Engineer: 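Below is the structure I would like to discuss, written out as structure tokens.
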Amino acid sequence: MNRAPGRTMAETVIDVGERPIRAVHEDIQKAAKAGERMVLRNTLSRHNLGVGLPPGCELHAEGSVGYYCGGLNTGARITVERNAGWGCGEAMSAGHITVGGYAGMSVGAAMLGGLIHVRGDCGPRAGVAMKGGTIVVEGKLGYQSGFMAHGGKIIALGGAGPSCADALWQGEVWVCGDVEDLGVDAVITEPSAEQVAEVEAILDPLGLSDRSRAWRRIVAGERLWYFQSRDAKAWLMI
Amino acid sequence: MCGIAGRILGAPGPVGRDLVALMAAQEHRGADSTGFAVYSTPRENGYIVRAMGFDRSRMGQDLNDFRAILRNNGADVIEEPSWDNSRSQHYLARMIVSDPVDMAAWVAEADEIAARLEMQSVGRSLEIIKDVGGANAVADKHGIREMTGTHGLGHARLATESDVRPNASHPFWARPFPDVAIVHNGQITDYYTWREKLERKGYRFLTWNDSELIAVWVSDRMKQGLSMEEALTRSIHEIDGVFTYMIATPSAIGFAKDRFAMKPLVLIDQNGAIAAGTEEQAVRRVYNDDGIDVINHDGPSLHGIWTVGNQRVAA
């Protein structure tokens with residue numbers, strides 16, 4: 001662990017390499033408690049980096065990371081320079097994760113809140129069972145993205161692969177570009193001006209807003225719903 | 001869960017060393033057993049036999065019986081057996097034999113003593129070495145790092161639906177097809193259906209492992225006249241389950257992924273030299289340079305063939 005001088009916010013450089021991941025975590029936790037910005041070097045696509053970080057933390061991973069990076073995030077700002085493996089941001093409740101390249105299978109799985117921004121494409125089942133929050137993908141969504149999403153928004157600027165939004169519940173999948181085909185019970189709706197404005201407001205701070213886009217808003221066709229009540233919010237209160 | 005790996009070198013070299021690195025990085029995916037399939041430059045005649053004996057105290061008798069069966073089939077040992085010197089009850093033997101008159105007939109007869117001595121691989125080029133334990137332990141015991149060749153496969157096994165035994169480890173040889181080996185991550189849900197169909201055709205299975213079945217399934221399709229690419233494509237549509245497997249021959253490694261995209265595969269291609277694995281962190285142990293991009297084969301219904309010395313991906 002080396003301290004880089006001359007920064008406004010103290011910065012800690014943590015070498016990952018082939019060290020035991022527990023030792024890496026101890027360094028991360030120590031720096032997080034000290035309020036230092038963390039830079040992970042020599043990441044070697046190792047798993048579980050930056051899991052469970054509290055609000056206010058800043059972590060930057062040089063290179064690529066493995067599975068579950070930023071999982072259980074409760075408010076940290078995480079940036080990954082290149083690719084992220086499976087389950088990036090899984091079950092996060094708040095915070096902001098940016099992946100510079102490709103995000104593997106199940107990015108944002110079961111997330112409750114916060115924002116994940118993928119600058120490249122993403123793998124299958126992005127946002128599987130997500131309950132809230134937003135996933136923005138500048139590239140293309142992988143196979144079966146939005147599978148069983150209970151809430152939140154997935155926004156893709158580069159189209160979507162097969163079986164898009166399969167078995168979606170209360171989530172929404174917004175796609176610019178081609179959708180290869182829709183999953184079970186997924187339907188494309190015409191978004192209202194207010195709904196488009198809401199999406200563009202999410203994209204604005206990311207520098208991605210473009211009012212001329214043609215959106216496909218994909219939601220549940222409700223044929224798979226088994227509720228007595230049509231008001232799913234009642235169920236969300238349980 | 002399981003972890004799999006494939007490696008093709010640009011030129012013959014330390015493929016065993018690289019396979020150990022690929023599998024050591026994936027040991028957490030399956031600590032039950034580890035195995036390697038190493039392909040060296042093919043012999044012009046004679047076969048390399050790797051066999052597993054289950055009672056070291058009977059080794060002499062079992063190897064003699066094996067040799068007698070070989071002679072019954074018009075062949076003989078041309079390089080005397082060697083074996084590991086560990087204290088385990090089971091042992092792995094290596095020998096080189098001359099060509100039997102009929103490969104399938106010899107393998108069938110040799111399999112009659114498989115409860116004592118089981119052939120793990122037969123090939124001009126292929127050698128399968130597998131055992132219980134992690135990558136480094138198996139490599140230390142069997143000298144994997146010192147093995148040279150052109151390409152190979154690796155596997156870390158988390159046993160799910162069959163025993164934890166040395167011979168139930170991967171890779172599997174596509175019995176009785178020389179030089180064909182497989183590693184697989186997944187589960188085949190119509191295993192018994194296919195096993196019965198293949199057994200009716202005369203194939204024998206020595207374990208209850210579904211990976212052994214896929215190796216024979218693909219090889220049988222190729223025997224019927226399909227190309228490797230056609231056989232891989234058919235497997236995606238005809239075999240039920242979730243899987244990513246790699247199957248190797250002396251000239252190529254092919255892969256196939258199921259229709260549901262449940263099992264990962266990542267790849268680094270450096271001018272035809274290939275490092276492939278279940279996890280990116282494994283291929284980074286071979287190419288530790290973040291400037292080199294990985295290819296993520298995350299999608300459904302994918303297949304590809306990497307030919308030795310001339311990489312090609314069909315997806």
Side-chain angles (χ1 to χ4, degrees), chain A residues 16-21 24 40-49 61-69 80-88 99-107 118 120-126 128 139-145 147 160-164 166 180-181 183, chain B residues 1-5 20-30 134-136 156 185-186 236-237 242-244 257-269 275-303 315:
Chain A
V16 179
E18 295 186 23
R19 298 165 64 208
I21 212 70
V24 175
L40 304 185
R41 288 218 171 120
N42 194 22
T43 47
L44 282 179
S45 304
R46 297 287 303 278
H47 299 330
N48 304 312
L49 295 172
E62 294 182 349
S64 298
V65 295
Y67 294 1
Y68 310 123
C69 175
V80 177
E81 210 167 87
R82 293 174 69 88
N83 302 333
W86 285 22
C88 177
V99 177
Y102 172 89
M105 168 99 86
S106 306
V107 58
V118 180
D121 296 336
C122 68
R125 300 184 186 89
V128 54
K140 185 177 177 179
L141 283 177
Y143 166 74
Q144 216 172 47
S145 285
F147 180 56
S163 207
C164 184
D166 192 280
E180 284 187 36
D181 63 64
Chain B
M1 195 154 79
C2 298
I4 61 177
V20 174
L22 284 160
M23 295 324 303
Q26 299 186 99
E27 196 167 314
H28 57 277
R29 296 190 68 90
N136 285 313
N185 173 24
I236 294 167
H237 299 289
V242 290
F243 53 82
T244 293
K257 284 194 63 172
D258 69 85
R259 289 163 282 173
F260 306 104
M262 293 297 287
K263 303 293 179 182
L265 182 68
V266 300
L267 163 75
I268 286 179
D269 168 18
T278 303
E279 296 184 4
E280 181 175 334
Q281 64 158 347
V283 297
R284 292 286 180 206
R285 300 299 171 97
V286 177
Y287 293 107
N288 181 11
D289 179 353
D290 262 328
I292 298 174
D293 272 329
V294 298
I295 300 164
N296 283 274
H297 286 303
D298 270 350
S301 303
L302 299 178
H303 71 278

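The shown structure was predicted, so the numbers you read here are calculated from the model rather than taken from an experiment.
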Engineer: Where does N42(A) contact chain B at under 4.5 Å (heavy atoms): side chain, backbone, both or neither?
Structural biologist: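 Just its side chain gets close to chain B.
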Engineer: Just give me the residue among D293(B), V283(B), V294(B) that pairs up with chain A most often, heavy atom to heavy atom, under 4.5 Å.
Structural biologist: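 That would be D293(B).
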Engineer: Can you list the residues that meet the ring-ring contact (aromatic ring centres under 6.0 Å, His included) rule with Y67(A), with sequence neighbours excluded?
Structural biologist: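 Expected list: H47(A), W86(A).
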Engineer: How close do D298(B) and G104(A) get, heavy atom to heavy atom, and via which atoms?
Structural biologist: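 Looking at all heavy atoms of both residues, the closest pair is OD2-CA, 3.5 Å.
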Engineer: Please state whether the side chain, the backbone, both or neither of E62(A) comes within less than 4.5 Å of a heavy atom of chain B.
Structural biologist: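 Backbone only.
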Engineer: Ignoring hydrogens and angles, tell me if any N or O in the side chain of R125(A) forms a donor-acceptor pair with the backbone of A261(B) under 3.5 Å.
Structural biologist: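 Confirmed, R125(A) side chain pairs with A261(B) backbone.
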Engineer: How far apart are the closest heavy atoms of F260(B) and Y143(A), and which atoms are they?
Structural biologist: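 In terms of heavy atoms, the two residues are closest at O-CE2, 3.5 Å.
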Engineer: Contact part of R46(A) toward chain B, heavy-atom cut-off under 4.5 Å: side chain, backbone, both or neither?
Structural biologist: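 Looking at R46(A), backbone and side chain both touch chain B.
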Engineer: Using 0.5 Å steps for rounding, measure from the CG atom of N83(A) to the CG atom of N296(B).
Structural biologist: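 Here the interatomic distance stands at 6.5 Å.
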Engineer: Testing the basics here: between L44(A) and R285(B), what is the closest heavy-atom pair and its distance to 0.1 Å?
Structural biologist: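 Closest heavy-atom pair between L44(A) and R285(B): CD1-NE, 4.5 Å.
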Engineer: Is there side-chain contact between S64(A) and E280(B), with at least one heavy-atom pair below 4.5 Å?
Structural biologist: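 Yes. Closest side-chain heavy atoms under 4.5 Å.
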